[in-house]
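Below: the structure, in structure tokens.
Start at 1 and go down the list; that is how both ligands and their atoms are numbered. Worth knowing before you read on, the calculation uses all heavy atoms, side chains too, and leaves out hydrogens, waters and symmetry mates.
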Amino acid sequence: MVLKEMTLDEKIDLIHGNGMPGWRKPSPLAYLGNGGAGFVLGVERLGIPLIQMSDAAYGVRGSQMNGRYSTALPSNVAAAASWDTSAACEYGALIGRELRAQGYNMTLGGGVNLARELRNGRTFEYQGEDPLLAGTMVGNRIKCEGEQHVISDIKHYAINDQESGRNEVNAIIGERAMRESDLLAFELGVEIGNPSAVMCSYNAVNGDFACENKFLLTEVLKKDWKFKGFVLSDWGGTHSTVKASAAGLDNEEPEQNFYGASMKAAVQAGTVPMAELDDHVLRILRSEFASGVVDYPTKKFVVDVEAGFETARTIAEQSIVLLKNQGGALPLDAGRLRTIAVIGTNADMGMISGGGSAQVDPPGMQQGGWQRHVWFPTSPMKAIQAQAKSAEVKFDSGADVNSAAALAKKSDVAIVFAHQWTSEGMDLPNLSLPENQDALIEKVAAANPHTIVVLETGTAVTMPWLSKVSGVVEAWYAGSKGADAVANILFGEVNPSAKLPITFPMSVADLPHPTLVKPPAGAQGAAAVMRTGSAKPTFSVDYSEGLKVGYKWYDAEKKQVLFPFGFGLSYTTYSYSGLHVKHGAETTVSFTVKNTGSRAGAEIAEVYAALPAAANEPPKRLVGWSKVALKAGESREVTVSVAPRMLSIYDVEAHGWKLVPGEYAIMVGGSSQELPLHEGMDVK
Ligand code: BGC
């Protein structure tokens, strides 16, 4: 009904943005914006509101421009480490509420590019390397974010798996590989989360830029997955009018280089049919009604800071992975420690966060450069002192390794906070801790073997010092209350339960692409990060590893890893028994998990399948999991149902998922490399 009332100009208004603060050309309409990444005009006479968009990867960005405040949640890869769908829901709901509080009715969040390239500077914005885990987690986040009456979003569709040359790289990958890996994560995210919008990515896929890629946008997304929302381009990711429109791009952001006057002219000339334009507009209108932004206009209010802290802390506690705990070095006994050395850059003041458009600003900080290193004012030193009230807690920045080692030597325990800053718009040169931190840890551990390393990283790191320290905790980018969460884990107030959503390899030499493929010299200037319009990609990355992403690669190549996918320790222990597998319309996998230690905890029980040889698949894949809370000594029977698709391969010829007949193996346990329960399953 609304569409029928609209004039051509009103339709055109809906399909493009109107600039972004700091973007190249300031728009004369800039005054209508809300300080976010972009906005789309409404149709006032028909009651259609403006769409005000904000980036919101791990919290609402751009709040400072609004003079307002937002909670920084743990990074997305951290949240994935919780394997907890209700935590993912809380994560989304909090962001949805805070968006509306700041006058936004659309999120640019929900990143789910698969961690195919661990050096990708945006790994912290995504949900790890497994499509089932990533798709399920992002889907739950999106669902609950959208329920707050914001236009929800999933991004960056698709195969945007490295930042180097992202505007001009052509990702080469076969259809089956893509459908079973990166696209499966999106498919599940769309199915579970029902997002109102999909952001297509900068890169090209098999020759066509993602935002004018008919296969991705129309064949897969809109036809196969029956997506009813709209596709918007990443910022400057639109390259054409006629081709993009025919391919299925509905909205150009943040400007109108192709979807403003040129689109109007194309429609008038008949090179873009009116029906095609109507489909773009209808999809946007539909999303506005379906998400509730028409019925529930935003009203600015002050966010609940304390509640945000509480959510940020509890999610961080569920996200922190205990990687090493030699001889029960952890938890620390607050009553027994007399002296504690807290070592590491800014460990007296704050914890690092991830940069780029995901960046959330801490209170009081002026919005600055796009790639500043932002340390959140959550002080590890203070949080540790608050736990160990009678101990003397001393700080050393680690800038001088000898002074740090001297402090460690005279302390009962040394806790080193090591960081790896990552950001959009760049990739890491390698997976080593930067700034001499490996040497620092080495030296400190030599001075005091009771050394605990707390990692604040956006992706995996290598650990040449691993055998010399007594404990390692992966805290990721831990958000507004990261330090309290870390201290609660270190002192045993919280029993760690998280498990790695990405493999930590032994070395970059073991990655599918030991050398990152870079754009040809001169192709990628700083401006290229946000450029519009080159006609063709300038270089390619051939993802010849195909569907062997993450653990599937290391398994297939028989490469030893530092810490496997799905791995994480606890202060208690668990045992597994009694596996029963029933194959039917759904496959049900039942087993018993017992807490065999002396503390309450939560175990993430993982279910993997090995497909018959004829399927020609990597050795195993995750097909389900259950997070089980158990008191000391308690045991519980758990049933995990596995949908047929998770046991299938993608048959390109038949254009669909296919169950390959033969002998399957179902494996259950506490990590991808510790699967004590096995049962065969015959599929006819
Ligand atoms: C990023 C998107 C982001 C957009 C708007 C782009 O550079 O790739 O993730 O939503 O900018 O800030």
Side-chain angles (χ1 to χ4, degrees), residues 16-24 27 33-40 51-66 70 75-77 95 99 104 106-113 120-127 138 141-142 145 150-169 186 189 195-204 209-211 230-239 251-255 354-361 367 369-371 422-427 458 524-533:
H16 64 77
N18 296 281
M20 174 190 187
W23 194 265
R24 297 164 311 162
S27 154
N34 191 48
F39 67 96
V40 173
I51 303 178
Q52 296 286 1
M53 309 171 182
S54 174
D55 278 305
Y58 59 88
V60 181
R61 169 148 176 83
S63 49
Q64 295 297 309
M65 279 192 263
N66 254 341
S70 46
S75 60
N76 306 85
V77 74
I95 294 177
L99 279 164
Y104 294 108
M106 176 164 179
T107 178
L108 305 172
V112 73
N113 294 84
N120 180 355
R122 301 187 88 168
T123 305
F124 75 95
E125 288 189 56
Y126 303 140
Q127 309 264 353
V138 88
R141 174 240 160 107
I142 290 169
E145 194 174 2
V150 294
I151 297 176
S152 54
D153 171 48
I154 192 167
K155 70 185 187 184
H156 310 88
Y157 185 69
I159 330 283
N160 182 188
D161 296 342
Q162 71 170 48
E163 287 293 283
S164 304
R166 66 178 183 178
N167 295 73
E168 36 206 314
V169 64
F186 277 95
S196 296
V198 170
M199 185 191 290
C200 49
S201 57
Y202 284 127
N203 57 291
F209 282 112
C211 291
F230 66 99
V231 176
L232 76 162
S233 73
D234 199 346
W235 268 228
T238 308
H239 297 261
N251 177 287
E252 174 190 359
E253 291 301 327
E255 292 178 315
S357 63
Q359 185 72 62
V360 175
D361 294 313
Q367 189 135 30
W370 192 57
Q371 289 189 329
T422 61
S423 168
E424 178 184 343
M426 53 163 260
D427 292 320
Q524 161 104 344
V529 174
M530 287 199 171
R531 194 179 65 191
T532 300

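- Listed by atom number, the atoms of ligand 1 under 4.0 Å from Ala37 heavy atoms are 5 (C), 12 (O).
- The aromatic rings of Phe209 and His239 sit parallel, their planes meeting at an angle under 30°, below the 60° perpendicular limit.
- The closest approach between any non-hydrogen atom of Met199 and ligand 1 is below 4.0 Å.
- Applying the side-chain hydrogen bond (donor to acceptor under 3.5 Å, both in side chains) rule to Glu145 yields the partners Thr107, Arg141; only residues at least two apart in sequence or on another chain are considered.
- For the pair Arg61 and ligand 1, no heavy-atom separation below 4.0 Å is found.
- In summary, the atoms of ligand 1 found under 4.0 Å from a heavy atom of His156, numbered by their order in the structure, are 2 (C), 8 (O), 9 (O).
- Heavy-atom separations between Arg122 and ligand 1 include at least one value shorter than 4.0 Å.
- Residue-ligand proximity: Met53 is placed with every non-hydrogen atom at 4.0 Å or more from ligand 1.
- Near Tyr202, meaning under 4.0 Å from any of its heavy atoms, are these atoms of ligand 1: 6 (C), 7 (O), 8 (O).
- Heavy-atom contacts of Ser357 reach the following atoms of ligand 1: 1 (C), 2 (C), 3 (C), 9 (O), 12 (O) (cutoff under 4.0 Å).
- Within ligand 1, the atoms closer than 4.0 Å to a non-hydrogen atom of Lys155 are 2 (C), 3 (C), 9 (O), 10 (O), numbered from 1 in the order shown.
- With a heavy-atom cut-off of 4.0 Å, Glu163 does not touch ligand 1 at all.
- In summary, the atoms of ligand 1 found under 4.0 Å from a heavy atom of Met20, numbered by their order in the structure, are 12 (O).
- Close approach of ligand 1 to Arg166 (heavy-atom distance below 4.0 Å) involves ligand atoms 7 (O), 8 (O).
- Applying the side-chain hydrogen bond (donor to acceptor under 3.5 Å, both in side chains) criterion to Asn18, with sequence neighbours excluded, gives no partner residue.
- A donor atom on one side chain and an acceptor atom on the other are found under 3.5 Å apart for Arg122 and His156.
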